[in-house]
Each structure stands twice: as C-alpha cells, then as structure tokens.
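In what follows, a structure is listed as structure tokens, so that the remarks can point back to it.
A, B, ... follow the sequence lines: proteins, then strands. Residue 1 opens every chain.
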Amino acid sequence: MGIDMTVTIGGAAGQGIQTVGDLLALVCHRAGLYLMVINDFESRIRGGHSFMQLRISDEPVYAADDGIHLLVALNRGSLAVHAEEIRAGGYALIDERSEGDDKAGEGGEAGIAVVGFRRLAEEAGGRIMANTVAAGAALGTLGAPDELVESVIKDQFRDKSQTVRDNNLEAARMGRNAVAEIRFDWRLQWPGQNPRGKLVSGAQALALGALAADCRVACFYPMSPATGVMVGMAGYMDRFPLVVEQAEDEIAAINMVIGASFAGVRAMTATSGGGFSLMAEGIGMAGITETPAVVVNAQRPGPATGLPTRTAQGDLHFVIHAAQDEFPRFVLAPRTLDEGYETMIRAFHLAEQYQVPVIVLVDQYFTDSLGIAGRKWVVPEIVERFLVSDAEMENPARYRRFSTSGSGISPRAVPCAGKARVMVTANEHAEDGHLSEAISDRNGQMEKRAKKMKRMVEEMRSPEVLHPDSSLLLVAWGSTCGVVREAVMRLRRENHDVGAVFFSDIWPFPAAAAAVALSGPGQFVMVELNASAQLGALIRAHTGLHAAGAIVRYDGRPMKPGGLMHDAMQYLEVSDG
Amino acid sequence: MGIDMTVTIGGAAGQGIQTVGDLLALVCHRAGLYLMVINDFESRIRGGHSFMQLRISDEPVYAADDGIHLLVALNRGSLAVHAEEIRAGGYALIDERSEGDDKAGEGGEAGIAVVGFRRLAEEAGGRIMANTVAAGAALGTLGAPDELVESVIKDQFRDKSQTVRDNNLEAARMGRNAVAEIRFDWRLQWPGQNPRGKLVSGAQALALGALAADCRVACFYPMSPATGVMVGMAGYMDRFPLVVEQAEDEIAAINMVIGASFAGVRAMTATSGGGFSLMAEGIGMAGITETPAVVVNAQRPGPATGLPTRTAQGDLHFVIHAAQDEFPRFVLAPRTLDEGYETMIRAFHLAEQYQVPVIVLVDQYFTDSLGIAGRKWVVPEIVERFLVSDAEMENPARYRRFSTSGSGISPRAVPCAGKARVMVTANEHAEDGHLSEAISDRNGQMEKRAKKMKRMVEEMRSPEVLHPDSSLLLVAWGSTCGVVREAVMRLRRENHDVGAVFFSDIWPFPAAAAAVALSGPGQFVMVELNASAQLGALIRAHTGLHAAGAIVRYDGRPMKPGGLMHDAMQYLEVSDG
Amino acid sequence: MVDLNAYHNDFENKWCPGCGNFGVLNAVKKALAEQEIPPENVLLVSGIGQAAKTPHFLNCNFFHGLHGRALPVAAGALLANHDLNILVHMGDGDCYGEGGNHLLAALRRNLDVTLLVHDNRVYGLTKGQASPTSRYGFASSAQPFGSFSDAMNPMALALSQGAGFIARGYCGEVDHLAGLIRAGMAYPGFAMIDIMQVCVTYNPVNTYSYYNERILMIDEKEHRADDWQAAIHMALQPEETIPIGIMYQKETRPFTSRIRTLSDGPLIARTRDPSAVQAVLDELG
Amino acid sequence: MVDLNAYHNDFENKWCPGCGNFGVLNAVKKALAEQEIPPENVLLVSGIGQAAKTPHFLNCNFFHGLHGRALPVAAGALLANHDLNILVHMGDGDCYGEGGNHLLAALRRNLDVTLLVHDNRVYGLTKGQASPTSRYGFASSAQPFGSFSDAMNPMALALSQGAGFIARGYCGEVDHLAGLIRAGMAYPGFAMIDIMQVCVTYNPVNTYSYYNERILMIDEKEHRADDWQAAIHMALQPEETIPIGIMYQKETRPFTSRIRTLSDGPLIARTRDPSAVQAVLDELG
Ligand SMILES: Cc1ncc(C[n+]2csc(CCOP(=O)(O)OP(=O)(O)O)c2C)c(N)n1
Ligand SMILES: Cc1ncc(C[n+]2csc(CCOP(=O)(O)OP(=O)(O)O)c2C)c(N)n1
Ligand code: SF4
Ligand code: SF4
Ligand SMILES: [Mg+2]
Ligand SMILES: [Mg+2]
C-alpha cells in the first residue's frame, strides 16, 4: 500500500467542517484515490466539537483509521482535542488567534502551521470563505495539483455567481500559498487517474437503490441518523413518479407506507430505534395483511433517546422480534455502499415476492459516512411486481386475497383495478379477507404465512468467509465488517492466523450456511457494536456453536482497526501460543 | 378423584351466559368445591356464539377439560355447536322453542331436557330472569342443596329490591322444579364444606396484587384481554390512595406511569400486544432513566389486531427484546391465580429495588378465567421503597441520581422533596443526570445498568420440576403450566414415565437453574401457545440444551389435557418403547 | 342509480340488534348507489372498533387496519392512486382517541377522503369505557366514578383548523345522512362527517330518544354553509338542540393537488423509466 | 424576589448563539424568581428537541424524556404529587407533531400544568425540516418543493376545545413573556403558552425582524380576556400583526380537582394501610 493517510477537520458545529471536508473528498475522488470519510457530530447545531475524518489511500479502504496525519483545526479547541492523535511528523493547520477563540489548544508534538483562515478569506472577498482557505491550505499541504483543485471548486460553485466562484478560487489559492513552505512527510503522489467509483454516503446509496427499485412513496418522520435517506430521495420528486411525504409521526409513516403498498406502489420508510419502536405495531400489520413494506432502521445508541448522532448495532434482536406474535420478515444488513444500493433493490423485490416487511438494518456510521462505491450500479430493466389482475383470475368475483392453496404466497391484487374485491384486515381472517375467528382459518393463515419462511431462508446469502482455515475467525455483521476486514488484513500482514466471517443477510437466519462458515478448525469471536454480542446469541441459538468471546463497543463511536487488533490479539496469543 | 365434571353454558353474546355461569360458580365455590372456569368470547357484543365452561371437582383442577357433562344451551345454536362434546349420559338443558330461534340444533345423543327458560321467567315475574331459571335448572340437575342456591341468589341480588330478590328466588326454584325428573349420572355429592379459597379471575388476582403492593397510579388504554386488570382496580379509587386513569393512547399510558413513578409513587399499566408495541419506546425510557415501571402484557393472538378475545403466548421474545438497544428488565409469567397475586407484589418490589421495568406476561386464558385461589394471600406489612432523601445524603446539592459508584444501583430520590435536584433524561447522561456524549459517561452508565443483570438473575426463581427423573419432561411457562400439570398427572396414572418443568420467572433467563432442571436422564419437549416454541429457543440459546420437539398451538384456544396427552404420547411411545 | 343490493354482501353482521351503525351502513349504500359508483370502485378504510367493522358489511374493497390508524393508511393509498374513492370509517375512540394525531394531520393536509366518524360517545367493542366524546362524568366499568375529562368537540376542532367540509349526521336520519356522504364525496378535499350514532348497549345517555328530541336539520336557506361564525356557533352551542347537516363548506386546495408529481396522473399508473435512474447515477460519476 | 442566579447552572448551553430559546430561558428564570419559587421546588418536564433541552440549563428538577411525550409524563407526575410546580417545555414539532394526541388529551383533562411551546416553526434539532406550524410551501432539505401541509393553528385549536388559559408570547419580549409564564403558573388549570421563538439557523422566514414588525401587545384594557369571540378572531387573523399576551382566560375546573381521591392530599403523601387491603381480600372470602 502506497498512500494511506488520515486528514481530520475539527471545529465547532456550524463552523463549516463539512464544506472543507467535501472539497477535500471531491478532489481526492477526482484524482482516483480511495476514501473513507466519517462524520463525528454532537447532537447540537452550533458549538461543541465535531469533526470529519478522511482516510485517503490508493487502495480500497474499509474503515477509518487511528492517528491523524494532517489536522485542519477550525478552532483552537479542536487542536486540543486531537493534538495527541497527530502522528510524529504530522501537521496541524490552525487559524490565527482572534478574539473569542477559546483558550485551549497550544499544539503538542506536531508541526503547527498558523494560517490566517479568516484574515485571508476577508482578503479574498469575505469571511465566509474561511473554509475555502482552509481547504486550499490542506490541499496545498497534500500537494494537490492546482488544476484539480480549481476544477472541483468551479463545479462546487457552479450554481453561484462568477464573483463567488472567482473569490473562492482566490481563497483556495491563498490558502495553498500560505502553506507553500511546509514540508509535509506524507505529501501525496497524485495518481491523476479517473475516479475509482462514485463518491457517496451510505444514506445516498440507500436512497438511490430505492429509486432504482421504483419506490414511489416514501413517508417518514425525521430522526437522526435516518433522515438522510429520505432527504436523499426527496430531491428527485420532480424527475420521478415519487412522493416523499413527512408524516405527523412514525406510526403514521408506517401506516402510510402500508396504505400505499396495499394500493399498488412500492413504498418505504426510514427511521431509527425510537421511531422503529413506534412502528412495531404497523410492522405486525404488514405481517398479518401480507403487505410488502421496506423499513430502513438506521441504528444509534439507545435505549430511548440515547445518543442521537452516534452509531450502534444494538437493535438486532429487537427488529427480529418487533411486534406481537410471529410472522415472517427479512432483516438485511448491508456492509458496504455498493451493497447498500443493491440491498434496497433486493429489499423491494423480496418484500413483493414474499409479501412481507423487509427491514434494512444499518447504522449512523453507515448512513453518515462517505466513501467510494467501486462496483457498477446496475439499474434493473424490469422490476417484477408479483401482482395479479382480473385477467389472470378464473373468476374475479371469487378472488381470494388470502388463498391458502399453493406455495404459501397468496395472489395479490390491487384494489379498484378490476372486478376483484381486495379485502384486507389486520384481524385474523378467512381466505377471502373477512375477519374470522374460526380455528381452521386461524391455523390455515398462520401456517400459510409460516410456510413462506422455508423459501425465504433460501433467499439468504451465505456469510462471506475470509481465510476459513484460520485459528481465529472474527465474526461481524453490517457496517462493522469493514473495520474487521481491515484488521484482518493487517493482522495477517503481521503473520497472524486470522480470518473473518461477514454476515449481511441475517433473518431468516441462514443457520446451515452459518454453521458451515463457523465450523472451521479454529475458534471464532464476535465483533459487534452492542453490549451483549447479539449476532453471537443468534448463532448460538440457531447453530449451537459458541463464540470463544466477543469484542464489543457501545460507546457510540465507530470501531477503529487499532483497538480491534489489540483486542483480537488476546485471542490470537492463546491460539498462536 | 371423586367429582370431576364439566358444565358448559352456551349462547349468543349478550344473552347473559355470564349470569348463569357466575351463579353456578358461586354455588360450587360456597359448597367447598374446586373450579376452573373459562370464557370463550367472540370479538362482538351481541350474537354469534360464546360459552363459559365450568370444570367442577372436589380436588384442585388446573385446566379446563374436554367433554361436557351438562350443557345449558341458551339458544338452539349452542346445542348444535356443543352436541358432539356431550358425554354419553350427559344432558343438555334447552329452552322451549319460540319465534326467532335459529333452526339449528336438534340434540345428538345426549339427553335433552326442554325447560321453559323464558316462559317460566315470565311466570316468575319477567323475561329478564330467564337466566336465573336456567341457573336454577342447571343447579337442580346437579342436585345442589336448595339453601345453598338460595343464599347465593340472595347475596347476588342484595343491592336490588326485595321484589327482585324474591322473583329471582322463585325463578331459580321453578328452574329446579322443571328438572326434578331428570336422572343425571353425575349428580354431585355436595360436600357442604367451607370454600377452598377465593373465587377470582386472573385479572382480579393481578389487580389485587397491585393494590397490596401499594400501586397508586394506574394508567391504561382499553385493550382486551388486559382491560379487566384495570377495571379490577378502578373500583377501589374511593377506598385507597389510588388513581386509575384512562389515557388517550398506550404511548401516553406508559409515559404517565413513568412520570408518576419518577415523581415518587408506584405505578403500572396493563395492555395487550398492540398496545405493548406502542409502549416499546417508553419501556426503553424506563430502562435508560432507571425508573421503576410495572407493565402487564395480557397476550392475545396476533400479529396486529389478530384475535382480540382469544389466548396466546406469542409475545415472549418480543417483550424480552422490545425497544432499541439493551437494558435490564424483568419478565415474569405467573402460572396460577395465587402466583398472579404474589407476582404483582414482587413485580413492584423488583421494579423499585433494581429501578427497572418489570413486565408481567400473562394471557387471555389467564386474565379471563376464574378459579379457586387456595393459598393465603399475604398483604405485606411494609413495602420497601428504596428511595433516598436529603437526610441520607452527605450533601444534597451534590446529589447524583446516576452515580456509578457502588452496586450498580444508583440512589433514587424524589423530585421537589428536598434540596437535592433530581435530574433525569432519556438521552445518555452523566452521573448528575445531564445529557452527555462523553465516552466515559456512556460506558459508565451502560456498564452500571448492565451490572444489575448479575444480581437480577439471582432473583429469578428456579423452574418447578415434577418428576425430574422421567424419560420425558414437558416444559411450559405461564398459564400453560396448568394444563401440562393436569396432563402429566393423568399420564402418570396411566403409568407413563413423564414429568414436567414449569417456568414462571423468565428474564433475566435463569440459565443455570434451567440447565439443572432440564439435564435429567430423559428428553424434554416444549409445550407452548405459539408457533415456534419461543421458550424452547431461549433454553437452547442460554443452555445449549435442545428440546426433542414441541407441542404448540396458535389457534387462540386454551389447550386441553386430552389433546396434549395425545400429542405427548408420540414422544412417550418412543421413550416407552 | 345502482341497485342497493349491489353493495350488500353475505358476511354475517356482528353488530347488536338496534345498533346505530345499521343506519350508517344503509346511508353509505344509498350514497354510493345514488352516485352510481360501482362497489368494485370503492375503497373503504377503517381502524378498529365496532364502527371500523363497517367495511366487512359492504361488497367493496377494504383495508381494515389498526386501532386509530385509518387516516394514514388512507393517505398512503391516496398517494399511490389519487383516483380512488376512499371512505374512511372510524369510531370516536378510534379517530379522536388513539388516532387524534392523524386527524390533526389530515386537517393540515386537507386529505381528499371522506371521513365518517361513527360517534357513539363510548368505546363499543371493548365494552363500554368512556371515549373522547363522552361527557364529563360518564360512568362505566372503567370509570366507576365518572370520566375525569371533558368531551372533545370535533366540529369546533375542524373549524379551528380551517377545514373546508364539516358536517354532522345522525344514524336515525338515513336519507339525510346519505346526502351528507354524497356531498362529502363530491367535495374536493377533506370531508369530515361526525355521525351521532347510538350504541344501544353501552351508552345509556345518548339514546335514540336523546337525539330524536334534540336533532334539528340545518336549513340550507337559513344557514349559509360558508358562514364560519355561524358554524362555530353551532358547533359550540349547548346540546339542547343538535343541528345536523353541512355546518361549513368552503373551497380549499386538496392534498393531492398540492403535489406537483401527482399532476401527471396517479403514481400507480405512471411508467417506470430505468434510463432516468441511470441518468441520476451517471451524474454521480 | 429570589436571585435570578439561583436558577442558573453551569451546564454548557448547547443552543446556537442568537437562538430565541435564550429569551425563553431568561423569561422562565424571571417568572420563577418573581414568584419566589426556589429552584428545588420546580419540576421541568420536556420532550426532545432544542426547546426540550431547556431544563438542562436551569438549576431545577427535571425529566427530559421522549420526543412528543412530555405532557403524559407531566400528567403522571401530577397525579403522583399535585403539589408540584410543573413547567412543560416542548418544541412545535414535539408538541403539535409527534405529541399532538397528548395535547388534545391535556386540553380535555384541563391538566394543571403550564405548557410552554417554543414555536420556531421548524424542526431545529434535526436540522430544519418543516414543522406543523411551518407555513404551506416552507422549503427545506426534506421539503425541497415546499411543505404540502397547511400550518396548524394552536391558539384556535385550544380555543375550540374550551381551554381556559391561552396566551402567545415572543422570545424577543422577555419581560412580557415572564409575565405570561407567571400568569400561566398562577392559573388553576391547563395554561398553554405558544411562544414565537426565532430559529436563527433553520428558519429564514420567521426571523426577529419578521416578528418585530408584526408583534402587537394585547392591551388588557381593550381586549377582555374572557371574550371568546375576540380571542378566536385574534387567533385566526392573518399574520399582518401578531398579537401577544393573554388571548383568553376563564375559570375552569383543573384536572386534579376533578378526582375525588386527590382531595385527601397528594398521593405521594398518603400513608399506606395494609389492613384496608386485607379488608378487600377478606370480602372475597
Ligand atoms: C393499539 C390498540 N389499542 C387498543 C385496542 C383495543 N380497542 C379495540 S376497539 C377500541 C375502541 C373502540 O371504540 P371506538 O373507536 O369508539 O369504536 P366503537 O367500537 O365504539 O365503534 C379499542 C380501545 C386495539 N385494538 N389496539
Ligand atoms: C420518536 C422520535 N422521533 C423522532 C425523533 C427525532 N427528533 C428529535 S427532535 C425532533 C424535532 C425537533 O423539532 P421541535 O420539536 O420543533 O423542536 P426544536 O428543535 O425546533 O426546538 C425530532 C424529529 C426522536 N428523537 N424521537
Ligand atoms: S356495542 Fe354499541 S356500537 Fe357496538 S354494535 Fe353494539 S350497539 Fe353498536
Ligand atoms: S437550530 Fe434553531 S432552535 Fe436550535 S438552537 Fe439553533 S437557532 Fe435555536
Ligand atoms: Mg365509539
Ligand atoms: Mg421547533
């Protein structure tokens, strides 16, 4: 690996961390570099301390890393927070002191370059461009080619006036000039290649997947970190047969989705744990009425309000069991941006094929992080709707929405589309859809619904296995797979006998495939962002296999390779020894 | 066993089945007989077919039984429905035909006695007393002593006028005289003893337990089959420091309970699955704010609206995992009326001792059935509140509600009761109660909360084991234990080598005790009212022990010993053979 | 006019004999027949309760969902296909209790459906607890010392939030009620009809005779439907008389006409264009 | 008067500089000080949002709960101890969106708390989506083509449901607002104060200058507080001027005085009598 470095932009909420970070990311992306960008926000709009961290590499990267090579400190406080993380030889770019600066932050052992972010911005035409100065300085330190920087700035400000564009170009240039003297150890070799893929966030990947899947109604109630998925779709309402509507609460959101789906279009919602709690009853209704529904749960730490802007994987058991009694559902936990896009297409497909709710389980780390999605994103030519119409019925007047004959999947028609009456109730019902308390109807419908599980489990993709014969397998799911992959690669480079098992399809639990994946010669250890290692419990319950231990975090922060490797060593020493 | 017979009263909803049944139950109770009374309602107010079934015995009974000895058919339809269940030699009491009778129902092989329920009632003073005539006829058939019947009727109508009382006495007498000729094979030997205990429903047992535990606020939204618990308390508002308030929805109910508990009194709610779904977020809030809360979930079949008036045990996994992320909670599933009363006292105690939500998991069969509670119901002299006040603090101004020092249980004070400020948030927080995103606070609080689980699991009572060395153990929880006990007794009488394991304390799962109970020489089979044998899955996940199979029902009806014995034989034949 | 029998089905009715819901059911049939909407073109959406069972007793399409949640289900269905004829049946507990928040939102959206609230001032299906429209002090098994809350005023609520079609009906005046339903369905926007519905089993206060003594048909000549002041006066007047009819009507902009996307026809009828998605992806490089 | 500093604590404030919430915070301190309620005798209850963080910035007892759910928490606390001084802080999304149903119920109960809605007409904490009081067409990242819903009218809503204390305040008029809060706390019953609160970050429409140009203090001499007609007129008038002050006030019967049980003192203060329970059990034989 040639290039592998981390740039952190720190400051107070509202200072424009994102503006700086986006410019850096766009330049790197355009230069053909790989990226992993994480966002660390507090639950506030101004003040406090937030940061954005870009890991830049010439090979694919799967996680944020420890240590900072270059820090862009938009305020002195950020320097204080991050000083210790800066690697020897690293640099911190800071603004000139001015009134109102907090007192903290006097450096550390890193090289410090004082750049007049605000002063230079004023010279370039206005204080508002302080962030462009900072970006210019950072990109200058990294040695980014001028043309590249300028082309990105032009694009970023293309909807603005010529003056604004020019002023920003000037601001960036002044930033670069201000750091011309700096000799930065990790000054990049700029490959000057084509982009390696799309630069997108997880939220965008899910939104675009939903668009590709022909989702036409999206209803939601804002909740971090899920709102980005809905915002990612809303802007396309003018170009697609799509309505994105903010509901009065999450209960309404899920019921609107079910109403839209019942009436014949693909529909979804996105929320986080608290909203998902409120949706539980509705998800049960999707279950008993066999109405397709796609629900994104972007996890954050709980319980209750918890840590609104942070990450976790604490809802796994809950989403599998949410709502009273039993009914089939899917739970899919995409691991990467590419898989996020594809999972949404699959989620809508599976929801309609099996007439069940599909829960796409991601987390703040997944939705809020940016990276390079390298796979080609295929737009399906056709989306199969699995609907029946009058023409396909022997006698539409005798249409039975919940017919128990056949495979367990009853014929789904759309209301008011012909002579067939579509009658649906969230009470238990007879085949025709009328409520019924008869034992035969109850058992018939329960068994019909349960029957689907058999075929559904066959849809589950087997976990991916890296180095199955290792003496230690680290087992993860969803977005945590990235950091595990990274840690495994590094540990193997250090000659440790370690592999990994990655789950993205979680429910119905692919027990047989899991047993195969985990029955290698070594032991396995869970790596999860929840307190009790919930996937580990599922594995135990469904395969009888016991993890040798669990490396868990519940502090709301994404896991880093360093800490994980450290914890994994504990098991490796035993098996190595 | 001397006496063991079943009387069924069938009719349309609204016909007064309950009036007849209650009279019969009261007479039997007063005579010192044992009883098990189940109610089978449809989800409607008038019409259709409902019935009440009394199993009467001179020894304790634990379940309703198959077969009917005496049927009281308030309409002809009931005769049709139940005719086949009547045992040879049994009797059906039916009314004279009159206009508006449905055509169905012409007997079967049972003896049929036509009694002019309505005609005789009119003679006695009014048609409204048809049910008293029916009760008189039934009790006459059973040979109940006149004085006993009359004393019960007098008590039942004690708040009515003398005329009403006399008319009803007359009606009962006429009913009895009308059946004077019947020679009924199971005519009872009336022991004429004192009552064997209290005649109460499950809902009443829970309500009275809550009263004994000093519950002062009960908030709820009506939902079958939980409403009875709240109605069972509401009537005592004039005699106790107790407010029972109907909330606008279940979300409000749980939040009101938490508010009341936070402010310093014991508080509870009761609901069923759909309402419990809506409470999930609130239960998480009780978790993170460490506010005691008692929540009764009286299960009915789902998903969603499901079968509102029927029974199930389908919510076990859901209640254990409800709400995002992880936090400690208790789940208790009382098996009997006595245990229902005691469990409520324990639930409030545990909720306050550990500052956690406690879920009391019952079902329609439990709440709506009546029986004889034979144990003495102890009223605790003192209820421990586990509260701290200024006087107990070193410095009230420095009071830290969420202090992490010590056992994991932080000192709980009441707001506005002194100088100590009680600051509570459903966000993650620092020890003082202010919201905090610091990793140290997050981990500190998560670990403090998790630490409680260790002591909580020690509070769990071990499952009860019958005949541990049997080749087959039937394993059940909650109200289903009754029918299993009955089946085991009968199977053993037939010389089958069968025992049972009964769980009432379910979460935190008493894994060690479960392993001991289930590690006998034989195999074990789950008996549950849900599709997937959810307790079986818990056992597997927490002990690694596998059930040899599962006998499950999800048709919404209480399990009967006959069917269970039949299904159990399948396993016994293998082990016997 | 379509034959009334066309709306009939053979599903066993589950209401009590004498229940006011029968009047509502007949009025719905009549209104549909008079408008010549064939039953297969009607979508009934309901919550849970006695009122919410209504759809089962009509030969139409229906979605009988969760307690309190009929309006969002209807909103979703409407977004998918705004050509649908949607009637929403809810009880007073359903609509003003559990579902209160959705009513507020439907008013804000001006959701173009017709809402029929079978307002019997009691929780029927769960055996007689006080409902949001039960009067203060209403006693029941769950409120043995009477309800502690005042009754909600649904008509005044809707008026206060700018609703464009507000009517009150009575289950004992079937023809009149049918007229209201027809007018509501013809109204482009949210049409809210609160129906005085007698529960013969659990509400001993608001009986047929209670209403028969108080009901007063609004005279269209005396009361101008667009007179908001007169309407609010009616809504707030003490229940010595109970005016029934259209209390208030004005022109408004219905929800589905506010959404540009829908001007190209119902979402369900639009064709999918994969190349448009490809174009979006291509923009991302 | 208690020293204002007594209500101050050292917890770091998390609002944007210039946020209208500071005005509300100061008004609360002032109102409490003027009433001489020591901070340890105040209970603040809130939902989730920027507004709902207010309790953290006061040196009082508080319960900062779930989005939308402050009113039921307050109701429960009040049932437990009706001697509590409860102030409820909610955002417009909190109170009129997620929590709308609880507001309807609080009105019906006449819950004896003082409700302060920090009404910034936007979802602040979640970064600027339209709220129930955002005007039709309000554009944001989540509503790029504008909000499709009309704004709720909270004052008219409360008036329509018989509320007894209805006021509107403005974060830019701290003393005036403090007066309203004082009056609200003194009122025996549900006191609802909707506060025009500027969000400098996400609401570019309803700015300080927007309000400064429109605010008009209600003149107690001109406007009789018990004149419902005048009040509803004010509540419904177009926003050319925005009257602030007590719009309506009348005597009502507060929730906790409706409940017989509570006449013997707060539940929390009552002594338990095991023998009374025993008596109940004995009745069952
Ligand atoms: C979430 C939820 N809570 C409670 C119930 C129980 N429930 C069913 S119907 C009903 C109320 C019925 O009253 P109303 O809406 O007025 O209808 P009516 O029966 O009077 O027509 C209730 C509380 C439920 N089904 N779901
Ligand atoms: C159940 C639930 N849904 C959504 C959220 C996310 N959320 C937090 S605050 C908020 C809205 C904030 O708006 P408002 O109530 O107006 O308060 P403001 O921040 O404007 O003061 C939302 C949607 C949540 N915490 N819980
Ligand atoms: S209980 Fe009341 S509302 Fe329900 S069917 Fe009977 S009369 Fe009608
Ligand atoms: S986002 Fe708006 S409401 Fe929130 S603190 Fe900032 S200015 Fe105030
Ligand atoms: Mg009703
Ligand atoms: Mg707001």
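- A donor-acceptor contact shorter than 3.5 Å is absent between the side chain of D/Thr261 and the backbone of B/Val243.
- For B/Pro380, the parts lying under 4.5 angstrom from a heavy atom of chain D are both the backbone and the side chain.
- Between D/Val280 and B/Arg239, the shortest heavy-atom distance links the atoms CG2-NH2, 3.4 Å.
- Annotation: side chain of B/Met237 is not in contact with side chain of D/Arg260 (no heavy-atom distance under 4.5 Å).
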Test side-chain contact (heavy atoms from CB on, under 4.5 Å) applied to B/Met285 and D/Val73, step by step
CA-CA 11 Å; B/Met285 176 158 84; D/Val73 169; 4.1 Å; yes
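- Contact of B/Ala252 with chain D is made through backbone and side chain together, with heavy-atom distances under 4.5 Å.
- Among residues 79-90 of chain D, the residues having any heavy atom closer than 4.5 Å to a heavy atom of chain B are, in sequence order, D/Leu79, D/Ala80, D/Leu84.
- With a 4.5 Å cut-off on non-hydrogen atoms, D/Phe57 does not touch chain B at all.
- To the nearest 0.5 Å, the span separating CG on B/Leu387 from CD1 on D/Ile268 amounts to 7.5 Å.
- Per-residue counts of heavy-atom pairs under 4.5 Å with chain B were compared for D/Gly65, D/Gly68, D/Pro266; the largest is that of D/Gly65.
- In this structure, chain D has a heavy atom under 4.5 Å from the side chain of B/Tyr341, while its backbone stays farther away.
- Only the side chain of D/Glu283 comes within contact range of chain B, with heavy atoms under 4.5 Å apart.
- Listed options D/Asp264, D/Asn59, D/Leu78, D/Leu262 were ranked by heavy-atom pairs under 4.5 angstrom with chain B; first place goes to D/Asn59.
- The part of B/Leu242 that comes within reach of chain D is its backbone (N, CA, C, O), which places non-hydrogen atoms under 4.5 angstrom from that chain.
- For B/Pro415, the parts lying under 4.5 angstrom from a heavy atom of chain D are both the backbone and the side chain.
- Residue D/Leu104 does not touch chain B at all, counting heavy-atom pairs closer than 4.5 Å.
- Both the backbone and the side chain of B/Ala247 come within less than 4.5 Å of a heavy atom of chain D.
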Please evaluate residues D/Leu43 and B/Phe262 with respect to the criterion side-chain contact (heavy atoms from CB on, under 4.5 Å), reporting the C-alpha separation (whole Å), side-chain torsions for both, the decisive distance (0.1 Å), and the verdict.
CA-CA 11 Å; D/Leu43 174 60; B/Phe262 162 73; 3.6 Å; yes
How far apart are the C-alpha atoms of D/Glu40 and B/Arg421, what are their side-chain angles, what is the distance that settles it, and do they pass the side-chain contact (heavy atoms from CB on, under 4.5 Å) test?
CA-CA 6 Å; D/Glu40 66 267 25; B/Arg421 306 296 196 281; 3.5 Å; yes
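- Chain D forms more heavy-atom pairs under 4.5 Å with one residue of B/Ile288, B/Leu208, B/Val200, B/Val378 than with any other, namely B/Leu208.
- For chain D, the nearby part of B/Thr291 is the side chain; its heavy atoms alone come within less than 4.5 Å.
- When each of B/Ile251, B/Ile382, B/Ile258, B/Val217 is scored by its heavy-atom pairs under 4.5 Å with chain D, the top score falls to B/Ile251.
- Residues of residues 270-277 of chain D lying under 4.5 angstrom from chain B, judged on non-hydrogen atoms, are D/Arg270, D/Thr271, D/Arg272, D/Pro274, D/Ala276, D/Val277 in numerical order.
- Using a 4.5 Å cut-off between heavy atoms, B/Val257 does not touch chain D at all.
- Contacts with chain B were tallied for D/Leu284, D/Ile48, D/Val45, D/Asn61; D/Asn61 has the most, counting heavy-atom pairs under 4.5 Å.
- With a threshold of 4.5 angstrom between heavy atoms, B/Val383 approaches chain D through its backbone and through its side chain.
- Highest contact tally toward chain D, considering only B/Asp238, B/Leu199, B/Asp249, is held by B/Asp249 [criterion: heavy-atom pairs under 4.5 Å].
- Contacts of D/Arg69 with chain B are made by both backbone and side-chain atoms, with heavy-atom separations under 4.5 Å.
- Residues of residues 6-13 of chain D lying within less than 4.5 angstrom of chain B, judged on heavy atoms, are D/Asn9, D/Phe11 in numerical order.
- Of the atoms belonging to D/Ile259, it is side-chain heavy atoms, and not backbone ones, that fall under 4.5 Å from chain B.
- Scanning residues 430-438 of chain B against chain D with a 4.5 Å non-hydrogen threshold yields B/Gly433, B/His434, B/Leu435, sorted by number.
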What do the steps show when you test B/Glu245 against D/Arg109 for salt bridge (Lys or Arg N to Asp or Glu O under 4.0 Å), and what is the final call?
CA-CA 11 Å; B/Glu245 170 68 352; D/Arg109 289 199 177 98; 2.7 Å; yes
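- Heavy atoms only, all atoms of each residue included: D/Leu281 and B/Lys198 are closest at O-CE, 3.8 Å.
- The candidate with the highest count of non-hydrogen atom pairs below 4.5 Å against chain B, out of D/Pro55, D/Pro38, D/Pro39, is D/Pro39.
- Between chain D and the residues B/Pro241, B/Gly264, B/Ala426, B/Cys219, the most heavy-atom pairs under 4.5 angstrom are made by B/Pro241.
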Show, in sequence, the C-alpha distance, side-chain angles and deciding distance for D/His67 and B/Glu281, and conclude whether the side-chain contact (heavy atoms from CB on, under 4.5 Å) test is met.
CA-CA 10 Å; D/His67 185 50; B/Glu281 195 191 15; 5.5 Å; no
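- The distance from the NE2 atom of B/His429 to the NE2 atom of D/His64 is 12.0 Å, given to the nearest 0.5 Å.
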